[in-house]
There are 2 protein chains.
Amino acid sequence: MTTRVITLKELAASLDLSITTVSRALAGHEQIALKTRERVAQAARQAGYVPNTAARTLVSGRSGFVGLVLPIRGPNLVDSFLGEFVTGLGEGLVSHGADLILATAALGHSELSVLRHVVESGRADGVVVTRIAETDERLAYLRERGFPFVAHGRLLDSDFDYNWLDTDGAHAFGEAFDMLYELGHRHFGLVTISEAMTFRHLRQDGLAAAIARRGDPSVRLDVVTAPRFDQQARIEAVNRMLRGPDRPTAIVALFDELALTVMEEAARAGFSMPRELSVIGFDNIAASAYAPPGLTTFDASIRQCAREIADMLLTVIAEKPGKPLTRLIRPTLVARASHGPAPQTRS
Amino acid sequence: MTTRVITLKELAASLDLSITTVSRALAGHEQIALKTRERVAQAARQAGYVPNTAARTLVSGRSGFVGLVLPIRGPNLVDSFLGEFVTGLGEGLVSHGADLILATAALGHSELSVLRHVVESGRADGVVVTRIAETDERLAYLRERGFPFVAHGRLLDSDFDYNWLDTDGAHAFGEAFDMLYELGHRHFGLVTISEAMTFRHLRQDGLAAAIARRGDPSVRLDVVTAPRFDQQARIEAVNRMLRGPDRPTAIVALFDELALTVMEEAARAGFSMPRELSVIGFDNIAASAYAPPGLTTFDASIRQCAREIADMLLTVIAEKPGKPLTRLIRPTLVARASHGPAPQTRS
DNA sequence: TGCAAAAATGCAAACGTTTTAAACTTCGGT
DNA sequence: ACCGAAGTTTAAAACGTTTGCATTTTTGCA
């Protein structure tokens, strides 16, 4: 056992050529005779030669890796986001011969320190940054370093340019409002979170903008806020909205997990959906299709987005474009059975 | 912008020491004077020195990475398996200072060829192999190479030794049978897949063994088989079992996705669960909690398993133990509302 | 056949570390 | 003041590539 790995020197010796020539031949340089190139390629294939990554990286300065620092997560991760995201990244990268490095933040260490380590150890040629917070120190660091990156999500104040791809939550929430308004709804509820994430503002602002655009003074919007990871507090917040004296006829949740809580609590309170209450979410997680009566939501096609992020990042790495690359992806409505016409009888 | 990354040579120059001394000081060698060690550590911290991974890997032969070849997957991945798995691996690795490399198989390439590339390019010190098939060429390759690995799952014929961690599906399916038998069920159904994966046999055999152990000749087991990724064929297979003249009172599905299909089709056929039909799954995916009436299933705690796999692999890499490391994890029953006593009236 | 130009190949340095073996310092004991 | 030993530090090689530049070989033409 323990077969040795063949090296360029050995391959060269077996061909009676210099290391230089073999290296160039494998790289397909024109200056090497075609005949030689073929001979080398043949021998390399047969010997199962694979160039050593470390050596190549050391001399070329390119590792062929893209880094992703895993967002620190609570004990329960129910959705498929991360799986879809890394799958999409992988698919996008592999077509260019790149691979993915996943770095995890240890308990004591901040996400930023892990990012620094990834960048400065030369492990990666670029990084992907997810879950952008309102003031994100990671982006500030990467900009200062001049290190290639693409953000999945945006900052609010774009006074500094960077590459990003984001789902157009503002548009989706506007679309949700318009659809519900056409269905006769006038009293709306928004269930949101208190975390300092930009997507929260973008979606809420999109909803508010759509309301303003409609210009109907009879439209009302109630907002409740819950902490991100406290399920008990979420339930209480939802019930504050549901059990009040004058509850909305349509509730929009910042994301599906919240919407599912709304549906559970609404069912517990005996409201029939969508007859008495419409609910709309965002993300289209798997459970949304199964939770009765089937949650109407928006699909952001994470996997496809991740693939595009990979493409963008590889472009940034290879070409260092002057203008930043940006993409705004419009999510698609997944109409299920949790929304419908506003109830006729209004007290 | 574009701050340069500091190198060992520069750090040594700034301290007026040789590269050797600084390297050793940072590594904490006793032979370097304590005073010097502290001085170096201080300067390194202040300068933000991070050793270059490629250089270190090249000379030491250790990359500090563990590889995972992403299983090729269809367009729709609904579960959170991959996300939990990489999160768990990351958590397990980071405590030992290691990180994860995710390699994706490009469209034309086999998973094996990607694995070969990861191994022979020296990118990783060890690999994790998931989704073990009946005759798995990856395991054969890794054994031949003598390369450190841990398999998530087992081969059927253990005539060759290797390191693995697996969930005890056989035990779970036996437990499911016993529970259902005690509830009065005698006519069982098993919905399985036609793919050549070992977990399929292990679970089915566990069920069969429990039946045999009980020794009750009145127990009956019907089995239907569907291809893994064809939802339409799945539905047909499930209906073959459900709509037959004499359907089982309890159906066990190989995994939750199949169980959810059973529940959907049963609901469509008008059967009430668990009154007329009991259903049990395996995996405890998120949707199982939401699909009415709530699927009873087994939780394999993927994240925790992945963390242990990481630990095992790092042990294998560091210590090359003579005996293979193996762990069999017993899944825990998650009792929801899809199982209950057998219906009284039997035609 | 000779010679320049073109084509093909090779030498050697470089990338940033770790490590072996050697050299230099310091110091107590005589 | 000298010696050896212990305590420190360093020079240089090595890891496996890529690449600028030099060298060798081939080719075409006189």
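Given the structure is predicted, the values throughout are model-derived calculations rather than measurements. Reminder, nothing fancy here: chain letters follow the sequence lines and each chain counts from 1.
- Rounding to whole angstrom units, CZ of residue B:Arg37 and C1' of D:dG7 are separated by 12 Å.
- For A:Glu30 and C:dA8, the CD to P distance is 10 Å, given to the nearest whole Å.
- Side-chain contact check for B:Ser80 and B:Glu84: at least one donor-acceptor pair (N or O, by modelled atom type) lies under 3.5 Å.
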Side chains of residues 114-129 of chain A: which donor-acceptor partners sit under 3.5 Å, not counting sequence neighbours?
{"unit_1": "A:Arg116", "atom_1": "NH2", "unit_2": "A:Glu120", "atom_2": "OE1", "d": "3.3"}
{"unit_1": "A:Glu120", "atom_1": "OE2", "unit_2": "A:Tyr141", "atom_2": "OH", "d": "2.6"}
{"unit_1": "A:Glu120", "atom_1": "OE2", "unit_2": "A:Arg145", "atom_2": "NH1", "d": "2.5"}
{"unit_1": "A:Ser121", "atom_1": "OG", "unit_2": "A:His117", "atom_2": "O", "d": "2.8"}
{"unit_1": "A:Ser121", "atom_1": "OG", "unit_2": "A:Val118", "atom_2": "O", "d": "3.3"}
{"unit_1": "A:Ser121", "atom_1": "OG", "unit_2": "A:Arg123", "atom_2": "NH1", "d": "3.4"}
{"unit_1": "A:Ser121", "atom_1": "OG", "unit_2": "B:Thr53", "atom_2": "OG1", "d": "3.4"}
{"unit_1": "A:Arg123", "atom_1": "NH1", "unit_2": "B:Thr53", "atom_2": "OG1", "d": "3.0"}
{"unit_1": "A:Asp125", "atom_1": "OD1", "unit_2": "A:Ser63", "atom_2": "N", "d": "2.8"}
{"unit_1": "A:Asp125", "atom_1": "OD1", "unit_2": "A:Ser63", "atom_2": "OG", "d": "3.1"}
{"unit_1": "A:Asp125", "atom_1": "OD2", "unit_2": "A:Ser63", "atom_2": "N", "d": "3.3"}
{"unit_1": "A:Asp125", "atom_1": "OD2", "unit_2": "A:Gly64", "atom_2": "N", "d": "2.8"}

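- Here A:Thr36 lies in heavy-atom contact (under 4.0 Å) with sugar-phosphate atoms only.
- Atoms NE2 (B:His29) and C1' (C:dT18) sit 9 Å apart, rounded to a whole Å.
- Put simply, CG on A:Leu58 is 14 Å from C1' on D:dT19, counting in whole angstrom units.
- Taking atom NZ of residue A:Lys35 and atom C1' of nucleotide C:dA7, one finds them 12 Å apart after rounding to whole Å.
- Contacts between residues 17-28 of chain A and DNA chain D, counted as heavy-atom distances below 4.0 Å, involve A:Ile19, A:Thr20, A:Ser23, A:Arg24.
- Comparing B:Asp16 and B:Val59 by the nucleotide of DNA chain D whose heavy atom lies nearest to each, the residue mapping closer to the 5' end is B:Asp16.
- Geometric assessment of A:Arg143 against the ring of A:Phe160 yields a positive cation-pi assignment under the 6.0 Å and 45° thresholds.
- Two residues, B:Gln31 and B:Val50, neighbour DNA chain C, and the one matched to the more 5' nucleotide by heavy-atom proximity is B:Val50.
- In this structure, A:Arg307 CZ and A:Phe85 CZ are separated by 13.0 Å, a value rounded to the nearest 0.5 Å.
- The phosphate of D:dT17 (OP1 or OP2) has a side-chain N or O of A:Tyr49 nearer than 4.0 angstrom.
- Nucleotide D:dG16 holds its C1' atom 15 Å from the CZ atom of B:Arg123, rounded to whole Å.
- Atom CZ in A:Arg56 sits about 18 Å away from atom C1' in C:dG16, given to the nearest Å.
- Across C:dT9, C:dT17, D:dT9, the shortest atom-to-atom separation from the side chain of B:Ala55 is found for C:dT17.
- Every side-chain contact (heavy atoms from CB on, under 4.5 Å) that B:Glu10 has, sequence neighbours left out, goes to B:Arg4, B:Ile6, B:Thr7.
- Between A:Asp99 and B:Leu102 the shortest side-chain heavy-atom distance does not fall below 4.5 Å.
- Proximity note for B:Leu8 (side chain, C-beta onward) versus C:dT9, D:dT8, C:dT17: the nearest is C:dT17.
- Taking 4.0 angstrom as the limit, A:Thr7 places a side-chain polar atom (N or O) nearer than this to OP1 or OP2 of D:dT17.
- Between the side chain of A:Thr198 and the main chain of A:Arg154, a donor-acceptor pair closer than 3.5 Å is present.
- With rounding to whole Å, A:Ile32 atom CD1 is found 9 Å from C:dA8 atom P.
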